[in-house]
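Shown next, in structure tokens, is the structure this report addresses.
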Amino acid sequence: MARGRRQFLTFLGAGLTGACAGGLGPLAAAAQAGRSAPFQPIRSTTQDDLVLPSGFRYDIIARWGDRLPGTNSRFGYNADFTAFLPLDDPRDGVLVVNHEYVSLPEPGEIGVYTQTFPLVRGYPPRVEDEMREVGVSVLHLRRSGAGRWEVVASPLTRRYDALSPMTASGPALQTARGLSGTLENCSGCHTPWQTVLTCEENVQRCVPEAVDTAGRGTVGGRFGRDGAHYGWVVELDPRDPGWTPVKHTMLGRFRHENVAVRAEAGRPVAAYMGDDRTNGHVYRFVSDERYAPTAPSRGSLLARGRLSAAVFHADGTGEWRALAPEAPLAPSPGSLHPPIPRGVTTLGQVYKDLGAIVTDAFSASNLIGATPTGRPEDIEIHPIDRSVYIAFTAEATAQGHLFPNLYGEIWRIVEEGDASGTRFTWMRWKAGGPNQTPRGGRGFAAPDNLAFDPAGNLWVVTDITTVRLNADERFTMFGNNGMFFVPTSGPGAGVALQFASAPCEAELAGPSWPNDRETMFLSVQHPGEGYGIRTAGVAAPRGSNWPGGRSGDPPLPSVVAIRRG
Ligand code: FEO
Ligand code: CA
Ligand code: CA
């Protein structure tokens, strides 16, 4: 092992890895030592590349359309969450990559998937192709002597998509026929018991979203499937291809951005989740079983428990309200929910049973007075003090809401006692907005994915929507979407330093790290989503040719490995 590599490991110490948290070793270590930023921050830019600080480079691991070695499958579209799981050989590991959606034509967007598919695949895309583009890629990686990670042919290298076999736990879907497929896979979680949770987000793009008060969905949408089968948190075992993934229905059905798991020996497990829609809610699942690191948890720990939705009071206190049949009705003013029959006072009198309540979690939460929020994206748990950080990416619109910031905000909540009580406090930890020159930091807008390193520094990626990016004058100062490093303690606490800038019309997503923290894995999602392929005579920031870089090259969503060099 090279001397430099050993130094990085020594810096970090052992056993600092946490569930759903990671760090870029040398960076985290330097910050921990109280020094200034361990990299030279970049400035905002509209360059059509993944721009990194001096001394860092990136390698592409997989691009959309790449044939996965040893399979008949391909790397899917719009890579998002990543998680790296080690294997016995220290040169090897498994990288899990979510694929969220395909970029079809929308108002203000060309439909870069539809535009580029014929160039990449040789024929126009069919719905069957779209169903293969979403889901999850599992990549067996091996690191070469030169430090580069490459995908290898192995039984571990495989795909889950909108047609893969699935099973279900909990109160819903127990009688579902033909349950299969996962789609709109946004963010997720690497669990302490070494499985991965993948979250089904904007399923309304593919299937009908509405269900009735018995929890019944309808068949239809682009994918012609029963909408009640999607919108869940799905557990899979990256290191066991023979294990069928499980949709954990007690974690609720909504537009799941992500899930963050807090697991401490001898205590129930808590899972925090956000429903990424305007006026969506924040949720917490608490397991019935207590976590035992040596006991089998795969598939079972998240099967039984209780689901609650957050109420944020304006005075900085908050409470978790259970989505249970006995929950009293206290409907949020003006919110969407089923009609309340005369004389009815509890959720259980509106819905058929608990399965129906969790299947219609957004409406049921409105019925019990959960707080409408400004699009909760990622939620992560601080690795040292266990407080919960939530990226609210935009404003809310509901009557009397608490989310007026156009640029989004990061909130911090602290549970009263452990994570199984009903009360908490909250604060606005960091507001999005223009540059903060007096403090030396860079401002950001539209925070999306969050990741902690072991020293408690927060890594924030942004997702300014394509129609605003480099177009809306309130957002042009931010340039392209990016990634920011924000310490949570010490003199630089709360100051954002920019570490990366995305190619044009892309967002960065899903940073993760192997245990040695020499590499950061990162997804580059939807380059060219607004204007598509950049051709001669068109200038950045309109369109993209990333990663090829030549005029006319099709933009390709990809996952990359960032390292020093
Ligand atoms: Fe898939 Fe909410 O970002
Ligand atoms: Ca996201
Ligand atoms: Ca997003």
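Counting starts at 1 for both ligands and their atoms, in listed order. For the single chain, residues carry numbers from 1 onward in sequence order. As the structure is a computational prediction, the values presented were derived from the model and not from experiment.
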(message) Only N/O/S atoms count here: what is the atom of E100 closest to atom 1 (Fe) of ligand 1 called?
(response) OE2
(request) Examine E257 and say whether one of its N/O/S atoms is closer to the Ca ion (ligand 2) than 3.0 Å. (result) yes
(request) Report yes or no: does E201 have an N/O/S atom closer than 2.8 Å to atom 1 (Fe) of ligand 1? (result) yes
(message) So that I can check it, does any N, O or S atom in D463 come closer than 3.0 Å to the Ca ion (ligand 3)?
(response) yes
(message) Just so I know, are the side chains of H99 and S137 near enough to count as touching, which here means a heavy-atom distance under 4.5 Å?
(response) yes
(request) Name the orientation class of the two ring planes belonging to F484 and F444 (parallel below 30°, tilted from 30 to 60°, perpendicular beyond 60°). (result) tilted
(message) Between D275 and G280 (side chain of the first, backbone of the second, donor and acceptor by atom type, cut-off under 3.5 Å), is there such a pair?
(response) no
(message) Can you tell me how the ring of Y272 sits relative to the ring of W320, calling it parallel under 30°, perpendicular over 60° and tilted otherwise?
(response) tilted
(message) In terms of relative ring orientation, are F254 and Y283 parallel, tilted or perpendicular, with 30° and 60° separating the classes?
(response) parallel
(request) Examine all N, O or S atoms of D448, backbone included, and report whether one is under 3.0 Å from the Ca ion (ligand 3). (result) yes
(request) Answer yes or no as to whether an N/O/S atom of D80 is found below 2.8 Å from atom 1 (Fe) of ligand 1. (result) no
